Amino acid sequence: MIHQNESCGTEQIFISYLTCTLYVLEEWTGVECLGEYLNYLIYLIWLFMPLLIGFLLPLVFLLLLYISAIIVHIYKRRTDIKEGHLNDFWDGARQMLATIWYAHARIWNGYEVHGLEKLPDGPAMIIFYHGATPIDFLYLLATVLIRKRRILHLVADHFVFLIPGIQLLINVFHALHGSQEECRKVLENGELVVISPGGVREALFSDENYTIMWRNRKGFAQVAIDAKVPIIPTFTRNIRENIRIVGGQIKLLRSIYEYLRLPLVLLYGNFPVKLQTYLGDPIPYDPNITAEELTEKTKDALQCLIDKHQKIPGNVWRALMERVSTEKQDNE
């Protein structure tokens, strides 16, 4: 123990630098037993570190977007415009980013796609269940771009176009605002359009029971009928175990979103769970079906995919164990 009349510089007693610093702090603050308080603080930090990391890891998704945006800007400045116009100027950038996203998908989530052969060579509309983030869409986009050399045109929520710094990235991958006329033109050009009728509402307020939340949205069905294209229901297993929502079941926060469109919830997780995207059987164009009937038919098909490939309720630990499980899943 160090007494007040002892000096940290005396040769008779060896005192570590940390002990000296602690003694000086006690003298300066007038707080006795400061070391015990610091030990308690360190204990709390270690105790809550997993919780802190859990809330920080979802930022990896945002970081991935901004890294992609930076790569696009660098590509634009360094690529010879004349050389780029031999094909599509942005082909190289898209392939580069697709490779990065696919590598991330395989390493972090052991990502797999089942039923890719169900994508037609011509136009089609892909309808998918929306997780807390659209990370599975980026994974699917990368996979289709690499294996099929085709671009998925995503109908994005309006707030996505307001995120600073990623406008060029959005344009490079031809994200759509979602008007029926815009989607119809893309389909008539023979392209693939991806829509989540549940949108942000489904992302924020669905839960581990994977409840489909479309309300009365049926515009996508009318577009599919007008463009005479098939609809392909798509679902990603364990997508809600990848990133979870805090506050999604609080009625006040739900009301705030409905009236002000403010998503006042917290995200946590980005767990390295096993993610597998399943493409269902195409629902062919039928000239005799109404938009309401096609909407219900699509919803039923998506629900069948969820019932077949997802264990309800979802469980993070089980989804993590699927990364190392060698047994064939009984619902594939």
Side-chain angles (χ1 to χ4, degrees), residues 58-70 72-73 90 94 97 101 125-141 151-189 191-206 211-224 226-227 231 234 236 239-240 242-243 245-248 250 252-267 291 295 298-299 302:
L59 295 178
V60 172
F61 173 70
L62 192 61
L63 180 63
L64 185 62
L65 284 182
Y66 275 104
I67 290 176
S68 301
I70 292 172
V72 167
H73 281 281
W90 293 110
R94 281 192 287 263
L97 293 178
W101 292 345
M125 181 179 290
I126 298 173
I127 300 297
F128 73 101
Y129 171 86
H130 205 310
T133 66
I135 187 66
D136 55 329
F137 164 74
L138 290 185
Y139 291 172
L140 180 61
L141 183 153
I151 300 174
L152 300 182
H153 299 256
L154 174 69
V155 173
D157 195 273
H158 298 301
F159 84 89
V160 174
F161 296 90
L162 301 177
I163 299 176
I166 68 169
Q167 302 307 309
L168 182 58
L169 179 66
I170 291 174
N171 294 334
V172 167
F173 282 95
H174 305 299
L176 307 176
H177 285 274
S179 69
Q180 291 191 22
E181 184 62 27
E182 184 182 26
C183 294
R184 191 180 300 112
K185 286 182 179 179
V186 173
L187 290 169
E188 289 173 352
N189 288 332
E191 303 293 340
L192 300 169
V193 173
V194 182
I195 300 176
S196 171
V200 176
R201 183 179 291 103
E202 188 172 83
L204 298 181
F205 304 115
S206 187
T211 305
I212 297 175
M213 304 178 69
W214 289 3
R215 304 190 81 178
N216 296 320
R217 293 187 176 179
K218 55 187 178 182
F220 74 91
Q222 189 61 57
V223 171
D226 294 341
I231 289 178
T234 304
T236 300
I239 187 59
R240 296 214 75 90
N242 176 239
I243 291 180
I245 297 285
V246 177
I250 299 177
L252 176 61
L253 298 181
R254 175 73 179 270
S255 299
I256 291 175
Y257 172 78
E258 296 296 347
Y259 286 102
L260 302 178
R261 290 296 186 266
L262 295 177
L264 300 180
V265 296
L266 290 175
L267 304 178
T295 299
T298 305
K299 187 176 182 179
L302 182 57

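The structure presented is a predicted model; accordingly, all values stated were derived computationally and were not measured.
Heavy-atom minimum distance, V160 versus I166: O-CD1, 4.1 Å. Between A291 and Q222, the closest heavy-atom pair is CB-OE1, 3.5 Å. Listed here is the closest heavy atom pair of L138 and L65: CD1-CD2, 4.1 Å. Nearest heavy atom pair, residue R184 against residue A227, reads CG-CB, 4.5 Å. When all heavy atoms of I212 and E202 are compared, the pair lying nearest together is CA-OE2, 3.5 Å. Minimum heavy-atom separation, G165 to H73: O-NE2, 4.5 Å.
Considering only heavy atoms from C-beta on, I239 stays 4.5 Å or farther from Y139 through its side chain. Under the 4.5 Å side-chain criterion, counting only non-hydrogen atoms from C-beta, V72 is in contact with L97. With a 4.5 Å cut-off on side-chain heavy atoms, V193 and I126 do not count as touching. By the 4.5 Å heavy-atom criterion applied to side chains, F137 and L152 are counted as neighbours. In this structure, I135 and I243 have side chains that are not in contact, with every pair of non-hydrogen atoms separated by 4.5 Å or more.
Although no hydrogens or angles enter the test, the distance criterion places a donor-acceptor pair under 3.5 Å between the side chain of S206 and the main chain of T211.
Distance CZ/F220 to CD/Q180: 11.0 Å, rounded to 0.5 Å. Interatomic distance, I151 CD1 to E191 CD, rounded to the nearest 0.5 Å: 6.5 Å. The NE2 atom of H153 sits 7.5 Å away from the CG atom of L192 when rounded to the nearest 0.5 Å. To the nearest 0.5 angstrom, I163 atom CD1 is 6.5 Å from I170 atom CD1. For the atom pair CE (M213) and NE2 (H130), the distance works out to 13.0 Å, reported to the nearest 0.5 Å.
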Practice problem: Run the numbers on I127 and T234 for side chain to side chain contact (heavy atoms under 4.5 Å, CB included), then give the verdict. | Solution: CA-CA 6 Å; I127 300 297; T234 304; over 6 Å; no
Exercise. Evaluate side chain to side chain contact (heavy atoms under 4.5 Å, CB included) for R240 paired with Y129, printing each intermediate quantity in order.
Key: CA-CA 10 Å; R240 296 214 75 90; Y129 171 86; 3.0 Å; yes
Exercise. Would you sort out whether L302 and W214 count as a side chain to side chain contact (heavy atoms under 4.5 Å, CB included), showing the intermediate values?
Key: CA-CA 12 Å; L302 182 57; W214 289 3; 3.7 Å; yes
Practice problem: In sequence, state the C-alpha distance, the side-chain angles, and the governing distance for K185 and E188, and then conclude on salt bridge (charged side-chain N to carboxylate O under 4.0 Å, His left out). | Solution: CA-CA 5 Å; K185 286 182 179 179; E188 289 173 352; over 6 Å; no
Exercise. Using the side chain to side chain contact (heavy atoms under 4.5 Å, CB included) rule, take C183 and V155 through it: C-alpha gap first, then chi angles, then the decisive distance, then the call.
Key: CA-CA 8 Å; C183 294; V155 173; 3.7 Å; yes
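In this model, no donor atom of one side chain and acceptor atom of the other lie less than 3.5 Å apart for N171 and Q167.
Atom CG of N216 has 12 or fewer neighbouring heavy atoms from other residues, nucleotides or ligands inside a 6.0 Å radius. Within a 6.0 Å radius of NZ in K299, more than 12 heavy atoms belonging to other residues, nucleotides or ligands are found.
By the ring pair (Phe, Tyr, Trp, His ring centres under 6.0 Å) test, F161 pairs with H177, sequence neighbours left out. Applying the ring pair (Phe, Tyr, Trp, His ring centres under 6.0 Å) criterion to F173, with sequence neighbours excluded, gives W101. Judged as a side chain to side chain donor-acceptor pair (under 3.5 Å), and not counting sequence neighbours, the contacts of T236 are D136, T277.
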